[in-house]
Amino acid sequence: SSEMFRGCETILLAEDDEAVRKYTHRLLSQNGYVVLEARDAEEALQTAKNHKGAIHLLLADLVMTGLRGDDLAKQLTAARPEMKIILTSGYTEAGVVRHDLLSAQAQFIQKPVDPAELNRMIRTTLDKPKPKP
């Protein structure tokens, strides 16, 4: 059941498409997660800086205006090495960066994102011990 995929962790959601951002926020909140919302990488960096507690996961669109999701992930994990990463993209050329990203401990999910699939990926990503660098 989807109960298995609930959680209480804090997720930073960086997504420049407002409809997708609102939908994803609602989906994650319904599953018990605390969601910090950002419209782009700059806002995500600011939000992370202002947030006192842990941020367990970054869920970011790979292709946003300004800084890309993978560059955002690199900057955030420099300050918060324990943060897990899931990147999403609707662009097929995202496959080009996948290899490089996955070696950097990021998961990748293709848009449009299936809610059940996303829930499962978030839960399994959060539950996986982070490899030592």
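Side-chain atoms are counted along with the backbone in the values below, which use heavy atoms only and exclude waters and symmetry mates. For this chain, numbers begin at 1 and follow the sequence in order.
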Test item: [X] and [Y] side chains (from C-beta on) under 4.5 Å apart, heavy atoms:
| X | Y | result |
| --- | --- | --- |
| Gln107 | Ile85 | no |
| Met83 | Leu57 | no |
| Asn50 | Gln46 | yes |
| Tyr33 | His25 | no |

Tell me whether [X] contacts the main-chain N or O of [Y] through its side chain, where contact means a donor paired with an acceptor under 3.5 Å.
| X | Y | answer |
| --- | --- | --- |
| Lys111 | Thr88 | no |
| Glu15 | Ala38 | no |
| Asp61 | Met64 | no |

Atom [atom1] of [X] and atom [atom2] of [Y]: how far apart are they, to the nearest 0.5 Å?
| X | Y | atom1 | atom2 | result |
| --- | --- | --- | --- | --- |
| Leu58 | Ile11 | CG | CD1 | 10.0 Å |
| Arg6 | Asn31 | CZ | CG | 5.5 Å |
| Lys49 | Leu76 | NZ | CG | 11.5 Å |
| Glu9 | Thr125 | CD | OG1 | 11.0 Å |
| Leu118 | Leu28 | CG | CG | 6.0 Å |
| Met121 | Lys84 | CE | NZ | 13.0 Å |

Quick check: is [Y] connected to [X] through a chain of hydrophobic side chains (ILVMFWY, heavy atoms under 4.5 Å apart)?
| X | Y | answer |
| --- | --- | --- |
| Val20 | Ile109 | no |
| Leu67 | Leu62 | yes |
| Val34 | Leu27 | no |
| Leu45 | Leu59 | no |

Report task. Could you tell me which residues satisfy salt bridge (Lys or Arg N to Asp or Glu O under 4.0 Å) with Glu117, sequence neighbours excluded, listed by chain and number? Result ->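 In terms of salt bridge (Lys or Arg N to Asp or Glu O under 4.0 Å), with neighbours along the sequence ignored, Glu117 is linked to Arg120.
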Query raised in the report: What pairs with Arg26 under salt bridge (Lys or Arg N to Asp or Glu O under 4.0 Å), at least two apart in sequence or on another chain?
Result: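 In terms of salt bridge (Lys or Arg N to Asp or Glu O under 4.0 Å), with neighbours along the sequence ignored, Arg26 is linked to no residue.
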How close do [X] and [Y] get, heavy atom to heavy atom, and via which atoms?
| X | Y | result |
| --- | --- | --- |
| Leu12 | Ala48 | CD2-CB, 4.2 Å |
| Leu72 | Ala14 | CD2-CB, 3.9 Å |
| Glu43 | Asp40 | N-OD1, 2.8 Å |
| Ala54 | Thr10 | O-CB, 3.5 Å |

Query raised in the report: How would you list, by chain and number, every residue that makes a side-chain hydrogen bond (donor to acceptor under 3.5 Å, both in side chains) with Arg21, sequence neighbours excluded?
Result: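 For Arg21 the side-chain hydrogen bond (donor to acceptor under 3.5 Å, both in side chains) partners, ignoring immediate neighbours, are Glu37.
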Query raised in the report: Between Asp127 and Arg123, is there a salt bridge with N-O shorter than 4.0 Å?
Result: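 Counted as a salt bridge, because a side-chain N and a carboxylate O are separated by less than 4.0 Å.
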